[in-house]
Peer 1: 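Below is the structure I would like to discuss, written out as structure tokens.
Both backbone and side-chain heavy atoms feed into the values below; hydrogens, waters and symmetry mates do not. Throughout, a chain's letter reflects where its sequence line sits, starting with A, and its residues are numbered from 1.
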Amino acid sequence: MDWGLLPVLAVMLPVLAMVLALPLGARGAERMTLAVLPIGLALAVGIAVVVQRTGAPIWHQLGHWAPPLGIAFRADGLSAAMLVTTAMVVAATAIFARAEFGTPPGAAERRQAFAFWPLLLAIWAGINLLLVANDLFTLYVGLELLTFAAMPLVCLDGSRATLEAALRYLMFALLGSVLYLLGVALIYGATGTLDIVLLSQRVTGQPAVVLAIAVMTAGLLAKTALLPLHLWLPPAHAGAPAAGSAILSALVIKGSFILVLRLWFGVMAGQPMPGAAQILAGLGAAAILLGSVAALGQARLKLLVAYSTVAQIGYLFLMFPLLAAVPEASEVAARAWTGGVVQAVSHAFAKAAMFLAAGIMAARFGHDRIADIGGAGRAMPVTLLTFGLAGLSLMGVPPSGGFAAKWLLLSAAIGAGQWWWALVILGGGLLTGGYVYRVLAAGLRAGEKSTMAPAPLAWSRDGVALGLALISVVLGFLPLAAFGLLQVGRLDLAP
Amino acid sequence: MIADLLLAAAILAVAVASILARRTFTAVALFIAYGLLLSLAWVRLSAIDVALTEAAIGAGLSGVLLLGAVRRLASRAEAPANPPPGAAMTVLIGIACACVAAALGAVILLLPEPAPSLAPQVAANLPTTGLGNPVTGVLMSFRALDTLLESAVVLLAVICVWSLTPDGGWGGAPGAAQPILGDGPLLLLARILPPLGIVVAVHILWVGKDAPGGKFQAAAILAAMWLLPWMAGLVAPPRIAARWLRLTVAVGPVVFIAIGLAGAVTEGAFLAYPPGWAMPLILVIEIVLTASIAVALALLVIGPPVPEP
Amino acid sequence: MSATLFGLMGAALVGIGLFGMLVRTQVLLRILSFNLLGGGIFIVFGAVARRGAGAGFGGDPVPQAIILTGIVVAFAATTLAVALVLRLAANQDRS
Amino acid sequence: MSLLADVFTIVAVLAGLVFFIAGTAGLLRFPDTASRLHALTKADHLGLGLIVLGLLPRAGGMGGALRLLAIWGLVLVSSAAVGPMVARLTRGPEGRE
């Protein structure tokens with residue numbers, strides 16, 4: 001049985017839906033999105049099952065043209081895990097967003113509703129493409145798909161502040177894209193191929209490739225918002241509507257991060273760059289500490305959650321020096337790799353839940369000033385519980401997905417003899433606890449009920465947010481063997 | 001060689017002048033010159049297809065877009081921008097950028113000899129597509145996925161631009177109202193040129209299968225032939241709520257995806273063409289895609305609806 | 001020979017465009033610099049394509065096709081940025 | 001015969017180039033926009049016309065020759081339209097930013 005079409009369909013389904021959304025209009029697009037969600041989720045789960053069962057990546061050569069002339073799709077364990085994560089988070093936010101961006105029958109099309117659904121589908125398509133495409137230029141098109149879709153999501157409400165945030169984001173993102181493209185040109189010039197698997201065999205440390213990886217990494221870090229290139233993120237992620245913030249923080253920044261992984265441990269497999277990896281992790285550590293401290297000082301809830309994203313991105317980069325320091329096939333390397341990816345997955349669920357919960361609170365209160373959310377614990381206990389559960393995962397309290405990720409990274413750091421990263425992980429956890437506690441304490445205080453809107457927009461919104469938070473916690477109950485999926489198809493393991 | 005040196009020097013001079021220009025109008029005018037000179041460089045690099053695209057899109061449509069933006073921003077106070085970097089900082093940035101350029105130049109000089117190339121593979125496989133133009137072969141067969149995704153990106157860009165419609169403008173005709181010209185040279189041009197331009201575009205699309213040309217270049221010319229009467233106030237664009245307008249933009253990518261999926265069913269690979277059917281299918285895709293991209297490019301230049309104040 | 005010359009010119013254009021993007025404060029000029037930078041990158045890629053001439057082609061057609069796609073995507077990005085700048089200006093007018 | 005055609009091409013193209021140089025010199029030297037435009041358009045039309053004329057014998061068939069003439073015609077039409085527009089731009093208030 002040839003499963004090769006599964007990744008193709010996983011990409012083309014949201015692309016086709018996005019294209020059709022334009023002539024269908026807001027209401028048609030909404031209904032089509034909801035119809036497409038279960039199919040996309042089934043495709044993602046199918047890919048994960050096949051990869052797990054066969055223990056090998058799924059391949060597909062488009063048009064039967066083999067690389068380097070043609071383009072190949074390749075879904076490995078990392079792709080499978082992130083595909084499922086993406087499908088679930090997209091589905092949750094789509095259900096959540098109906099209350100805000102739905103179009104009742106007979107109602108006239110609204111601008112926000114017209115834009116939201118195709119943008120959501122485009123982000124889904126872009127991330128799926130980034131996960132399965134194996135060609136550096138196809139990946140560039142995926143990056144642009146993400147950038148184009150994320151920018152209007154930031155400024156969907158059309159206020160001056162969000163428009164400025166969107167412009168700042170666009171400038172960072174476009175610079176990041178062209179730097180990436182420059183690297184593509186250099187790599188092709190040096191090797192004559194853009195296929196990642198072929199590159200992992202052909203790259204021998206040519207100067208053009210090293211410079212290319214450097215500029216591409218810089219460009220992708222600007223899109224991932226790793227400190228010090230994070231300045232655009234807090235206003236952009238805090239200004240978007242709640243469903244948009246959830247998608248942006250949970251998924252969009254992961255797209256460019258996965259691409260960094262593909263470059264460092266795919267294209268440059270077997271070419272360790274320990275010095276540069278230490279710098280990346282150093283930036284990551286700075287992001288964890290400074291981002292958490294900034295989150296502690298925020299007066300507004302959505303900005304606090306956005307700064308928490310700046311901090312949590314930092315953890316993703318701790319895996320780089322650990323992987324560079326030990327043999328690829330070692331247990332420590334497997335732990336570092338798994339820890340990094342589980343961090344990406346559990347942060348996706350936890351942060352989506354957190355932004356949705358913050359959005360529900362902001363909608364009820366009509367503001368998101370942390371000092372004035374007293375009474376939330378009584379009026380919306382489920383929402384506050386969601387926030388707390390997601391916070392537990394971000395802190396890394398056992399048993400949760402965040403704990404599994406941080407524990408794996410911590411033990412890998414000690415195994416690799418780089419104990420200083422372990423200190424950063426522990427310190428970051430404490431600071432995270434601080435800002436989560438701040439919100440919970442404020443919410444549990446008694447407050448005036450009169451300032452609140454009488455009823456929530458829809459109960460399903462609370463259910464969806466709580467579901468995401470529970471998943472981020474339940475990930476911690478998975479037996480370690482389940483994470484074996486993530487090792488499938490690691491290019492740095494290839495002989 | 002001397003001609004190349006002069007050309008390169010001219011391009012660099014125009015680029016430097018453009019970023020140092022005091023007035024945005026001057027900068028954009030220089031940028032258009034930059035695009036035109038660049039298309040000469042593309043000819044010198046034996047990339048005629050790219051030269052045509054650069055002239056039509058890089059200089060032409062981008063120029064119209066930026067000039068329009070300059071005009072609409074001219075009547076407004078400039079946004080309170082961030083303060084410009086200080087002299088020391090500017091020098092520092094300059095040195096850093098020079099280092100980037102120098103490193104890049106050094107790496108280019110160090111590229112391997114003989115250069116790795118896919119030209120032989122393209123030449124060997126081109127006959128299966130029935131095409132004569134290798135670039136069209138790459139775009140429509142070997143790397144057809146990129147072209148498909150790119151047409152989706154252009155459609156997405158239209159959605160994004162429309163999503164920036166100010167309150168009260170949703171559903172209306174896109175773009176700022178153009179001044180009504182009773183008479184004048186632009187009006188004359190807008191009347192004479194479109195029929196000619198359409199003939200040229202069809203020609204470029206048709207020859208694209210064997211010679212330089214193809215859908216992007218043809219679509220850019222067609223878009224220009226719509227923009228010209230629009231700027232002259234001769235035609236008003238249709239409302240963005242118009243179903244047929246949205247269908248036109250979407251039909252190209254939809255047909256492309258449908259043919260790709262048909263290949264997955266019959267040939268077992270997405271975007272595989274059945275033997276002997278490659279050329280007619282590619283022609284169908286090219287024609288439909290030209291229409292969609294032409295409308296999309298024009299809509300991107302025209303911009304979102306602007307409600308009357 | 002002309003491939004190397006234009007490759008070096010592309011490298012210089014990258015530096016110029018980068019400088020413009022970082023130093024100019026007017027957004028329209030930043031967008032313009034972004035386009036200069038993009039042009040330089042495409043030219044570097046074009047030089048790579050020219051070096052790969054062979055099999056009867058004046059240049060490697062694969063990078064040439066990629067550049068074509070890239071130019072159209074870069075144009076779409078430019079229109080987005082311009083639309084955003086104009087919208088921002090219109091907003092400031094009203095407030 | 002081919003020698004004669006070559007000589008004709010060289011002479012016509014060179015003459016065309018002289019007009020281009022004169023036009024460019026006018027653009028740089030003349031004091032005001034109107035006379036600059038005048039120099040530029042007139043010299044360029046003549047220069048391009050001569051170059052097209054010189055290339056006609058080498059066009060390779062009717063189609064090529066027609067295309068060359070079409071290019072000349074299109075340049076004439078577009079500069080006839082653009083010239084007055086630039087002139088108006090410099091006179092009107094829109095020349096400013």
Side-chain angles (χ1 to χ4, degrees), chain B residues 4 8 11-12 15-16 19 24 27 31 38 41-42 44-47 49-50 53-54 57-58 61-62 65 69 72-73 76 79 81-82 84-85 90 93-94 97-98 100-101 104-105 108 115 117-120 122-123 134-135 138-139 143 146 150 153-154 157 160-161 164 166 216 300 303-304, chain C residues 1-2 5-9 11-16 18-20 22-26 28-29 32-33 35-36 39 43-44 46-47 49-62 64-65 67-69 71-73 75-76 78-80 82-90 92-93:
Chain B
D4 286 349
I11 292 174
L12 288 176
V16 170
I19 60 157
T24 43
F31 173 75
L38 220 50
W42 286 117
R44 295 295 302 151
L45 287 169
S46 300
D49 290 273
V50 183
T53 314
E54 179 75 45
I57 294 181
L61 291 184
S62 298
L65 177 82
R72 279 173 64 184
L73 290 175
R76 299 184 161 91
N82 313 330
T90 307
I93 294 175
C97 292
V100 170
L104 199 53
I108 289 169
S117 172
L118 290 173
V122 173
V135 176
V138 174
L139 284 173
R143 294 185 68 95
D146 286 346
E150 182 226 13
V153 168
V154 172
C160 296
V161 166
L164 294 169
F216 294 139
L300 287 177
Chain C
M1 196 57 214
S2 63
L5 172 69
F6 283 116
L8 293 176
M9 179 192 82
L13 286 175
V14 168
I16 294 169
L18 212 52
F19 181 76
L22 295 175
V23 166
R24 294 310 300 247
T25 49
Q26 278 166 300
L28 212 55
L29 292 177
L32 201 138
S33 305
N35 273 285
L36 288 177
I43 286 281
V44 169
R50 177 71 182 130
R51 285 166 41 88
F57 302 139
D60 187 345
V62 172
Q64 290 185 353
I67 294 164
L68 271 187
T69 311
I71 288 178
V72 178
V73 173
F75 171 72
T78 308
T79 61
L80 269 189
V82 167
L84 193 52
V85 172
L86 290 177
R87 175 70 209 277
L88 202 54
Q92 279 159 354
D93 272 9

Peer 1: Examine whether an atom of C:Phe19 lies under 4.5 Å from a heavy atom of chain B, and if so say whether it belongs to the side chain, the backbone or both; otherwise answer neither.
Peer 2: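 Both backbone and side chain of C:Phe19 come within 4.5 Å of chain B.
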Peer 1: State, with a plain yes or no, whether a side-chain heavy atom of C:Gln64 is found less than 4.5 Å away from one of B:Thr53.
Peer 2: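 Of all side-chain heavy-atom pairs linking B:Thr53 with C:Gln64, none is under 4.5 Å.
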Peer 1: Sort C:Ala12 into side chain, backbone, both or neither according to what part of it lies under 4.5 angstrom from a heavy atom of chain B.
Peer 2: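 Both backbone and side chain of C:Ala12 come within 4.5 Å of chain B.
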Peer 1: Quick one: what part of C:Val62 sits under 4.5 Å from any heavy atom of chain B, side chain, backbone, both or neither?
Peer 2: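 For C:Val62, the contact with chain B is made by backbone and side chain together.
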Peer 1: Which atoms of C:Arg24 come close to chain B, meaning under 4.5 Å heavy atom to heavy atom: side chain ones, backbone ones, both, or neither?
Peer 2: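 Side chain only.
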Peer 1: Would a 4.5 Å heavy-atom cut-off, applied to side chains only, mark C:Arg50 and B:Ser46 as touching?
Peer 2: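 Yes, at least one pair of side-chain atoms sits under 4.5 Å.
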Peer 1: Within the 4.5 Å heavy-atom criterion, are B:Trp42 and C:Ile43 side-chain neighbours or not?
Peer 2: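 They are in side-chain contact.
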Peer 1: Which atoms of B:Ala98 are under 4.5 Å from chain C, going by heavy atoms: the side chain, the backbone, both sets, or neither?
Peer 2: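 Contact with chain C: none, neither part.
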Peer 1: Between chain C and each of B:Asp49, B:Val122, B:Ile57, B:Leu65, count heavy-atom pairs under 4.5 Å; write down the option with the most.
Peer 2: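 Heavy-atom pairs under 4.5 Å are most numerous for B:Leu65.
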Peer 1: Chain C heavy atoms under 4.5 Å from B:Val100: which part of the residue, side chain, backbone, both or neither?
Peer 2: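 Contact with chain C involves the side chain of B:Val100 alone.
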Peer 1: Using non-hydrogen atoms only, which part of C:Leu5 is less than 4.5 Å away from chain B: side chain, backbone, both, or neither?
Peer 2: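 It is the side chain, since no backbone atom gets that close.
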Peer 1: Please state whether the side chain, the backbone, both or neither of B:Arg143 comes within less than 4.5 Å of a heavy atom of chain C.
Peer 2: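 The answer is the side chain of B:Arg143.
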Peer 1: Need one label for C:Ile16: side chain, backbone, both or neither, based on atoms under 4.5 Å from any heavy atom in chain B.
Peer 2: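 It is both, since atoms from each part get that close.
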Peer 1: Looking at chain B, which one of C:Thr69, C:Leu8, C:Val85, C:Val14 has the largest number of heavy-atom pairs inside 4.5 Å, strictly under?
Peer 2: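 Sorted descending by pairs with chain B, the first entry is C:Thr69.
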